[in-house]
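Taking it in order: structure first as structure tokens, then the write-up.
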Amino acid sequence: MSLVECIPNFSEGRRQWVVDAIAESIRASSVHVLDVNLDYDHNRSVITFAGEPTAVADAAVAAVRTAAAHIDLRTHSGVHPRIGAADVVPFVPLRDVTMAECVALAHAVGQRVAGLGIPVYLYEAAAQRPERCDLAYVRRGGYEALVREIDLPERQPDYGAALIGAAGAVAIGARAPLIAFNAYLDTDDVEIAKVIAKTIRTSGGGLPYLKAIGVLVNGQAQVSMNMTDFRQTSLYTIMTRLHAEAAAHDTRVTHTELIGLTPQAALLDYAMESLGLPLTTRQRTLESRLGEVTGDFRPLTFE
């Protein structure tokens, strides 16, 4: 069975009933909702679902429609950059689906969403303009800047009219698996988080395949990160760099969190690297070997 993952982000993390309504609209399309994550300070939620391409496309359109009906960007506030009620809608190939097919899916969904009266910007592998491969470029300045600039040639949407309402716009794309990962610092000085984020992210000359911003969450400085290819820059590499940068600013990482779901391989790779073992060691886990001979890769539980 062909399997596509969709991980839409919505500009709502405080009203549970709104997120529940969006999730229910997704479930109505016969897909599997895998995870729902809300963040109050970011005022943002992430819903992860998967299924066959046609069902995933229908669910994505339904989710955007529901979000647009309940979220007003004119009164929205939060620390995370955003341009729309349904802010980003990425498609990820999981099984028996190519990236090219996910790009086609993004374009088809983009046209349908534009039919709802919402401007659409294509990003990552689905981008039609080279500069729009970078989501940060598409979202620069947030909703407020887009309201002022949408008539400019460089800010014309890929689909839909250059008219922006209360639901804003939506970025729709196709990409590889991404890990959303946050680290909290032992300080309330958000400027330290911003400096560390600028130092470690790719655009600042830091680690490859890493995006990062510094924000204040519940009175604690946070480095909010997106790992765009954990196979090239691992969690272990990022954490090692974070600890070093935090120490250089006389602070420390108190705890971390994952937003949404992450590939199991990324966590296993972290364990291997931290133990000084070669990454091929993950193939020597009991679960992996049993799975090879039985076809059952479920985690083992021990009493």
Side-chain angles (χ1 to χ4, degrees), residues 4-11 42 44-49 53 56-57 59-61 63-64 67-68 73 80-94 97-116 118-147 149-150 152-164 167-181 201-203 208-213 224-230 232 259-260:
V4 172
E5 180 187 28
C6 186
I7 316 96
N9 289 213
F10 304 97
S11 298
H42 285 251
R44 191 173 183 84
S45 57
V46 179
I47 300 179
T48 305
F49 62 93
V56 167
V61 174
V64 173
L73 266 291
H80 200 285
R82 79 287 183 268
I83 57 171
D87 188 48
V88 294
V89 180
F91 296 100
V92 178
L94 292 184
V97 177
T98 66
M99 183 63 74
E101 288 172 308
C102 280
V103 168
L105 195 65
H107 281 260
V109 170
Q111 292 177 49
R112 292 172 65 183
V113 168
L116 301 175
I118 300 172
V120 172
Y121 294 86
L122 298 168
Y123 78 103
E124 287 273 355
Q128 297 189 111
R129 304 186 190 186
E131 65 273 16
R132 291 184 179 177
C133 291
D134 183 4
L135 178 60
Y137 178 88
V138 174
R139 249 184 354 205
R140 66 193 189 281
Y143 171 78
E144 292 76 13
L146 189 59
V147 169
E149 300 171 358
I150 195 167
L152 298 177
E154 65 270 20
R155 303 222 73 173
Q156 293 289 300
D158 292 295
Y159 292 117
L163 298 171
I164 189 163
V170 58
I172 299 178
R175 60 166 173 76
L178 175 149
I179 299 175
F181 179 65
R201 66 192 179 211
T202 307
S203 63
Y209 304 98
L210 180 65
K211 299 178 180 181
I213 59 173
S224 179
M225 295 163 283
N226 281 342
M227 300 169 56
T228 59
D229 192 339
F230 71 89
Q232 302 296 324
I259 304 300

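Along the sequence shown, the residues carry numbers beginning at 1.
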Please determine if Glu131 and Arg140 form a salt bridge, counting it only when a charged side-chain N lies under 4.0 Å from a carboxylate O. no
Show, in sequence, the C-alpha distance, side-chain angles and deciding distance for Arg82 and His42, and conclude whether the side chain to side chain contact (heavy atoms under 4.5 Å, CB included) test is met. CA-CA 10 Å; Arg82 79 287 183 268; His42 285 251; over 6 Å; no
Is the closest side-chain heavy-atom distance between Phe91 and Glu5 below 4.5 Å? no
Sub-4.5 Å side-chain heavy-atom contact between Asn226 and Ile179: no
Tyr123 and Val88: CA distance, side-chain angles, deciding distance, side chain to side chain contact (heavy atoms under 4.5 Å, CB included) verdict: CA-CA 9 Å; Tyr123 78 103; Val88 294; 4.1 Å; yes
Aromatic plane relationship, His107 with Tyr159 - under 30° parallel, 30 to 60° tilted, over 60° perpendicular: perpendicular
Interatomic distance, Phe181 atom CZ to Phe230 atom CZ [nearest 0.5 angstrom]: 14.0 Å
Could you state the interatomic distance from CD1 (Ile259) to OG (Ser45), rounded to the nearest 0.5 Å? 11.0 Å
Any chance you could measure Asp134, atom CG, to Arg132, atom CZ, to the nearest 0.5 Å? 12.5 Å
Between Ala167 and Leu73, the two heavy atoms sitting closest are O-CD2, 4.2 Å
Looking only at heavy atoms, what is the nearest atom pair of Gly84 and Ser11, with distance? O-OG, 2.7 Å
List the steps and the verdict of side chain to side chain contact (heavy atoms under 4.5 Å, CB included) for Val64 and Ile118. CA-CA 9 Å; Val64 173; Ile118 300 172; 3.7 Å; yes
Please check if the side chain of Arg155 supplies one atom and the backbone of Val138 the other of a donor-acceptor pair under 3.5 Å. yes
Can you tell if the side chain of Phe49 reaches within under 4.5 Å of the side chain of Val56, non-hydrogen atoms only? yes
Looking at Gly260, is its backbone amide N or carbonyl O close enough to the side chain of Thr48 to form a donor-acceptor pair, meaning the two atoms are under 3.5 Å apart? no
Distance col, row Ile7:CD1 vs Leu178:CG, nearest 0.5 angstrom, shows 8.0 Å
In short, Ala126 meets Ala106 closest at the heavy-atom pair CB-CB, 3.8 Å
Set out, in order, the CA-CA distance, both residues' side-chain angles and the distance that settles side chain to side chain contact (heavy atoms under 4.5 Å, CB included) for Ile164 and Tyr143, then state yes or no. CA-CA 9 Å; Ile164 189 163; Tyr143 171 78; 3.9 Å; yes
Are the side chain of Asp229 and the backbone N or O of Met227 linked by a donor-acceptor pair below 3.5 Å? no
Has the side chain of Arg201 got a donor or acceptor atom that lies under 3.5 Å from a matching backbone atom of Ala212? yes
Any heavy-atom pair between the side chains of Val113 and Ile172 that's under 4.5 Å? yes
Nearest heavy atoms of Val103 and Ala174, plus distance in Å: N-CB, 3.8 Å
Would you name the heavy atoms of Ala85 and Ala67 that are closest together and state the gap between them? CB-O, 3.8 Å
If only atom types and distance count, is the side chain of Asp158 paired as donor or acceptor with the main-chain N or O of Leu122 below 3.5 Å? yes
Shortest non-hydrogen contact between Gln156 and Ile150, atoms and distance: NE2-O, 3.0 Å
Report yes or no: does Glu101 contribute a side-chain atom to a donor-acceptor pair with the main-chain N or O of Thr98 at less than 3.5 Å? yes
Any sub-3.5 Å donor-acceptor pair from Thr202's side-chain atoms to Leu210's backbone N or O? yes
Phe10 vs Ile47 side-chain heavy atoms within contact, under 4.5 Å: yes
Side-chain touch Cys102/Val4, heavy atoms, less than 4.5 angstrom: yes
Ser224 side chain to Ile213 main-chain N or O, any donor-acceptor pair under 3.5 Å? no
Qualifying residue for side-chain contact (heavy atoms from CB on, under 4.5 Å) with Val92, from Glu124, Arg175, Met99: Arg175
If you define the side chain from C-beta out and look only at heavy atoms, does anything of Tyr121 sit under 4.5 Å from Leu146? yes
